[in-house]
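A short write-up of the structure that comes next.
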Amino acid sequence: MAGTIIADTLEHSTAGSVTTDYVVNGSAKAWTNYNQSGNTVNGSFGISSVTDATGSTFTITYATAFDATGNMCPTSTGANSSTAASSQYCNSAVQSTTITHHTGYNAGNSQATTAFNYISIHGDLA
Amino acid sequence: MQTPDFKGTHLFDRLCWAKENLDGVQSDYRVVYEDSVDECAKILVPDPNWMACALQGGILPPVWVYHELAKDEAQPDFKKHTRGYLLHETQPIEALDEKSAIEYLIMKDVPQSVWQTWDEGNRPKMVICKKEQLPQQRTWRNAWRISDELAA
């Protein structure tokens, strides 16, 4: 591909060096900003769809696959405003190497539809 | 914009190229399906960036690649994918129109038990509709089912 730089190590003049493994393995492989209230994907990378499963649960299916469920690390949070932090939150679970499952909660720890679900996933791709 | 020749390019790199070069496409289509009699209807929302890849062509692998990986994962002794190269080395598919892209997405992301027998039985298990055809409020969301009136 045009513009490719092949390098195993990045070296700073004074601060030391880091292998590019850190970049390859440490980058998020996919993310999404999903509005379950409006059932719309606001922004994303690396996913193929979101499935609204119940009033507060949904699944994300990835455009690629991870190599093993044990090598997947989804993290998520939620809010009901795009500008103010709130006590909404969102849990995550790995369902398969291509699917993660999520549930939104309100401040009272009850399942609740969340307008802004922020999810990213790290891990090893297949 | 012309898609580069991506055969043999890692799928993650192809998705990165698409994210940088293509505008997302918000589809109005939604796929409503029921995969359990005990659960409410599920609603699949296509991802805008994925849809852009499907319409562009030359980026996504054929859907059978995902089915092969799913077969591997279903084996009782599965530990880790060993055929991930199928995602990266298989010739990417040509550009699809939106309806064909939705059909591809159904075969990729909806359980096979639903889409392979969607019209068998007394009522359909799956419906493709426009977003505006869904209820506009989420009241009683956990009770949503596909209407019996759709049974022909």
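All values below come from the heavy atoms of this structure, side chains included, with hydrogens, waters and symmetry mates left out. Residue numbers begin at 1 in each chain, while the letters A, B, ... track the order of the sequences.
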Output the option from [options] having the highest count of non-hydrogen pairs under 4.5 Å with chain B.
| options | result |
| --- | --- |
| A/Thr32, A/Thr59, A/Ile99, A/Thr64 | A/Thr64 |
| A/Asp67, A/Thr61, A/Asn39, A/Ile60 | A/Asp67 |
| A/Ala68, A/Ala53, A/Ser96, A/Ser56 | A/Ala53 |

Under 4.5 Å from any heavy atom of chain B, what part of [X] do you find: side chain, backbone, both or neither?
| X | answer |
| --- | --- |
| A/Thr113 | side chain |
| A/Leu125 | side chain |
| A/Asn71 | side chain |
| A/Phe58 | neither |

Please classify the contact between [X] and chain A as side chain, backbone, both or neither, with a heavy-atom cut-off of under 4.5 Å.
| X | result |
| --- | --- |
| B/Ile43 | both |
| B/Ala70 | neither |
| B/Leu105 | side chain |
| B/Lys19 | side chain |
| B/Cys16 | both |
| B/Arg30 | side chain |
| B/Glu39 | neither |

Legend entry - Check ion pair B/Arg145-B/Glu34 (N to O, under 4.0 angstrom):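 Looking at B/Glu34 together with B/Arg145, the answer is yes, because their closest N to O distance falls below 4.0 Å.
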Inset, instruction - For residues B/Phe6 and B/Gly58, report the shortest heavy-atom separation together with the two atoms involved. - result: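 Looking at all heavy atoms of both residues, the closest pair is CD1-O, 3.4 Å.
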Inset, instruction - Kindly give the heavy-atom pair with the smallest separation between A/Ser48 and B/Trp50, and that separation in Å. - result: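 Minimum heavy-atom separation between A/Ser48 and B/Trp50: CB-CD1, 3.4 Å.
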Inset, instruction - Give the member of B/Met51, B/Lys79, B/Lys108 that has the highest number of heavy-atom pairs under 4.5 Å with chain A. - result: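 Most heavy-atom pairs within the cutoff with chain A belong to B/Lys108.
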Inset, instruction - Decide whether a cation-pi geometry holds between A/Lys29 and A/Tyr62; the criteria are a distance under 6.0 Å from NZ or CZ to the six-membered ring centre and an angle within 45° of the ring axis. - result: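 No, A/Lys29 and A/Tyr62 do not form such a contact.
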Inset, instruction - Would you kindly check if the NZ (Lys) or CZ (Arg) of B/Lys125 is within the cone defined by 45 degrees around the ring axis of B/Tyr33 and under 6.0 Å from the six-membered ring centre? - result: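 Ring-cation test returns no.
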Inset, instruction - Take B/Trp118 and B/Ile106, measure what side-chain contact (heavy atoms from CB on, under 4.5 Å) needs, and give me the verdict at the end. - result: CA-CA 11 Å; B/Trp118 70 274; B/Ile106 288 170; over 6 Å; no
Inset, instruction - Classify the ring geometry between B/Tyr66 and B/Tyr104 as parallel (under 30°), tilted (30 to 60°) or perpendicular (over 60°). - result: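 Correct class here is perpendicular.
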Inset, instruction - List the steps and the verdict of side chain to side chain donor-acceptor pair (under 3.5 Å) for A/Thr114 and A/Gln88. - result: CA-CA 7 Å; A/Thr114 304; A/Gln88 297 280 133; 3.0 Å; yes
Legend entry - Heavy-atom donor-acceptor pair, B/Ser100 side chain to B/Leu96 backbone, under 3.5 Å: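 Such a contact is absent between B/Ser100 side chain and B/Leu96 backbone.
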Legend entry - Identified salt bridge (charged side-chain N to carboxylate O under 4.0 Å, His left out) partner of A/Asp52 from the options B/Lys42, B/Lys131, B/Arg141: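 Only match with A/Asp52 under salt bridge (charged side-chain N to carboxylate O under 4.0 Å, His left out): B/Arg141.
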